[in-house]
Amino acid sequence: MTTRSVPWAPGRLPGIGHAHRLLGDPLPLLRELPELGPVVRVGLGPRTLYMVTTPELLRSIGLGTAGRFHREDLIEPIAPFAGRTLVTLSGDAHRRRRRQIAPAFHRNRIATYAPAFARIARQWVSELPVGEPIDLAPEADRLSLATLTSTLIAADVGSEALAAVRVDSPLLLAEASFRTILPRAFWRLRPGADRRYHASAARLRGMLETVVVDYRRSGRDPGDLLSGLLMHTGPGSGDVLDDEAVIDELVGFLMGGIESPAGIFVALIHELVRAPGVRDRVIAEVDEVVGDGPVAAEHATALPYLRNTLLETMRLWSAWINMLTADGPVSLGDVEVPSGAMVGFSVNMIHHDPRNYTDPERFLPSRWEQPDVELIDPDAVAPFGVGVRKCPADHFSWSELTLQAAALLRDRLPVLPESDRGVPVGVTTKGVGVRPASARVVLYPRR
């Protein structure tokens, strides 16, 4: 089957393709694609993106059976702030970088971060207003930032850089999305945004360089992620990360370490206040497991229903796009794609396809319990990605989110404000992340 026979997604416009649909709310377009076929063409400006719509094709890309891919096309859009991070590396360079950063996310090291996850979450809960409507989104961002402060860069020297991330990350993520979806000619139409983008990127990288140099000079290991990157030496090879590579990976962790967990946490509470039966069951489990004491590190793996609830939240609110470039001819099922073609997939789309999940738009944590979980195709479960592109921080995220949710629900009862009941809530995107556009909630004391 040739690429000419692959159907186009509806709504393509001359010059910009489907950019007008992708830069606003991309989800309606994604929901239409599976009905058009296993591979669908989407226009990114004048370029064509071949979107795969089935779990089988998603897996073939992630495991490399479809062919080889690279991410050279993503380097220029995000290079000003992310450099050559794991996200953009390919082939041998990607495999080598994964090996280099793996020790920072080893289960044993994550276990040392868990007490900080719990401690910071307890403190955060104690500072939240009670009995009045609040917007949880900025509070969740603050929690993620505080968590990074003690796990990514524990030393005080990193506080300025972390504060800059909170200010600059929305601009950097939004501009990176714009530059990824539209060709370079469109970037020059927004000179003010271009200047702000480069200034923010330079400021962030400059601050991080100061932090890395300070760590190198001191030789200390406070048990954080940065020291894990700096101190690691490859067994036998003596392979280490140089300062530039460490800064690249720090930026990646910082950008993902705030937006991704904060977005999922906001989505979790958004779903719980609209499903009080689920909320109350999670609270009952937390009360039974935690008891009268505080939420602690050991509870990260002791709350199975909360974990299922988080998994269901990740299913509903997973990343909306991922793009690669064919490095040689690629086989997408019956479709032969030429070298240099852009290939994309959406875990969010896979997770919302009724062929993969019964009643996919409903928030149903019970679908992950026996016997219902047996009906789910494992290939259609990919909240952290598949294969070589799977997020290396998945265990880190599970521990962080479980303890944060448990800490909140142990001491507070989240309720949807009366004025918000029955009001539709849209979505907002930051980079590839998706979260509810509104996160209003009232928290009542439970203890």
Side-chain angles (χ1 to χ4, degrees), residues 1-3 6 30 33-34 37-42 44 47-78 82 84-106 180 234 237 239 245 248-249 252 256 260 314 318-351 353 355-356 376-395 397 432:
M1 183 176 177
T2 67
T3 55
V6 175
L30 296 177
L33 300 186
V39 184
V40 181
R41 285 188 282 182
V42 173
L44 300 182
R47 296 197 64 181
T48 299
L49 173 68
Y50 295 90
M51 286 288 293
V52 303
T53 68
T54 70
E56 296 78 16
L57 291 181
L58 168 62
R59 187 171 180 81
S60 74
I61 292 172
L63 298 182
T65 57
R68 295 184 304 175
F69 297 89
H70 65 77
R71 276 191 162 166
E72 296 296 320
D73 290 338
L74 288 182
I75 292 174
E76 188 177 13
I78 71 171
R84 296 298 298 267
T85 181
L86 180 71
V87 173
T88 58
L89 292 174
S90 305
D92 291 341
H94 181 268
R95 286 187 287 273
R96 178 187 178 198
R97 183 64 58 85
R98 282 191 75 95
R99 289 195 300 270
Q100 290 172 321
I101 69 173
F105 291 105
H106 191 276
T180 300
S237 66
D239 195 18
D248 292 346
E249 296 308 327
S260 182
M314 293 176 187
S318 46
W320 71 271
I321 191 69
N322 209 314
M323 294 186 292
L324 302 164
T325 302
D327 186 12
V330 168
S331 298
L332 303 178
D334 295 334
V335 179
E336 296 296 320
V337 175
S339 180
M342 296 183 68
V343 176
F345 57 89
S346 169
V347 173
N348 191 288
M349 176 182 62
I350 298 292
H351 285 174
D353 189 337
R355 294 175 298 185
N356 303 324
I376 299 175
D377 179 359
D379 289 350
V381 184
F384 292 98
V386 176
V388 296
R389 293 291 175 182
K390 184 179 181 181
C391 175
D394 53 347
H395 297 300
S397 297
V432 300

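Heavy-atom minimum distance, Val52 versus Met349: O-CE, 3.2 Å. Smallest separation of non-hydrogen atoms from Pro338 and Thr3: CD-CG2, 4.0 Å. Counting all heavy atoms, side chain and backbone alike, Leu86 lies closest to Arg389 at O-NH1, 3.4 Å. Across all their heavy atoms, Ile350 and Pro55 have their closest contact at CD1-N, 3.8 Å. Between Trp320 and Ser346, the closest heavy-atom pair is O-OG, 2.9 Å. Between Pro392 and Ile101, the shortest heavy-atom contact is CG-CD1, 4.0 Å.
Sequence neighbours left out, not one pair with a member in residues 328-348 passes salt bridge (charged side-chain N to carboxylate O under 4.0 Å, His left out). Residue pairs meeting the salt bridge (charged side-chain N to carboxylate O under 4.0 Å, His left out) criterion with at least one partner in residues 47-70, sequence neighbours excluded, are Arg47-Asp73, Arg59-Asp379. Pairs engaging residues 87-98 under the salt bridge (charged side-chain N to carboxylate O under 4.0 Å, His left out) rule: Asp92-Arg95, Arg96-Asp239, Arg97-Glu249 [sequence neighbours left out].
Applying the side chain to side chain donor-acceptor pair (under 3.5 Å) rule to His351 yields the partners Ser318; only residues at least two apart in sequence or on another chain are considered. A search for side chain to side chain donor-acceptor pair (under 3.5 Å) contacts involving Glu72 returns nothing, not counting sequence neighbours. Contacts of Asn356 classified as side chain to side chain donor-acceptor pair (under 3.5 Å), with partners at least two apart in sequence or in another chain: none.
The distance from the CG atom of Asn348 to the CG atom of Asp353 is 11.5 Å, given to the nearest 0.5 Å. The distance from the CG atom of Leu44 to the CD1 atom of Ile321 is 7.5 Å, given to the nearest 0.5 Å. Between Phe69 atom CZ and Ile61 atom CD1 the span is 4.5 Å, to the nearest 0.5 Å.
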**OP:** Determine, step by step, whether Val40 and Thr53 satisfy the side chain to side chain contact (heavy atoms under 4.5 Å, CB included) criterion, reporting the C-alpha distance in whole Å, the side-chain angles of both residues, the deciding distance to 0.1 Å, and the verdict.
**Re:** CA-CA 8 Å; Val40 181; Thr53 68; 4.2 Å; yes

Original post:
When you look at Met342 and Tyr50, which way does the side chain to side chain contact (heavy atoms under 4.5 Å, CB included) test go after all the steps?
Top reply: CA-CA 6 Å; Met342 296 183 68; Tyr50 295 90; 5.9 Å; no

Subject >> side chain to side chain contact (heavy atoms under 4.5 Å, CB included) assessment of Leu324 paired with Phe345 >> reply: CA-CA 9 Å; Leu324 302 164; Phe345 57 89; 4.3 Å; yes

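With respect to Met51, the side-chain contact (heavy atoms from CB on, under 4.5 Å) criterion is satisfied by exactly one of Val343, Val39, Leu33, Leu332: Leu33.
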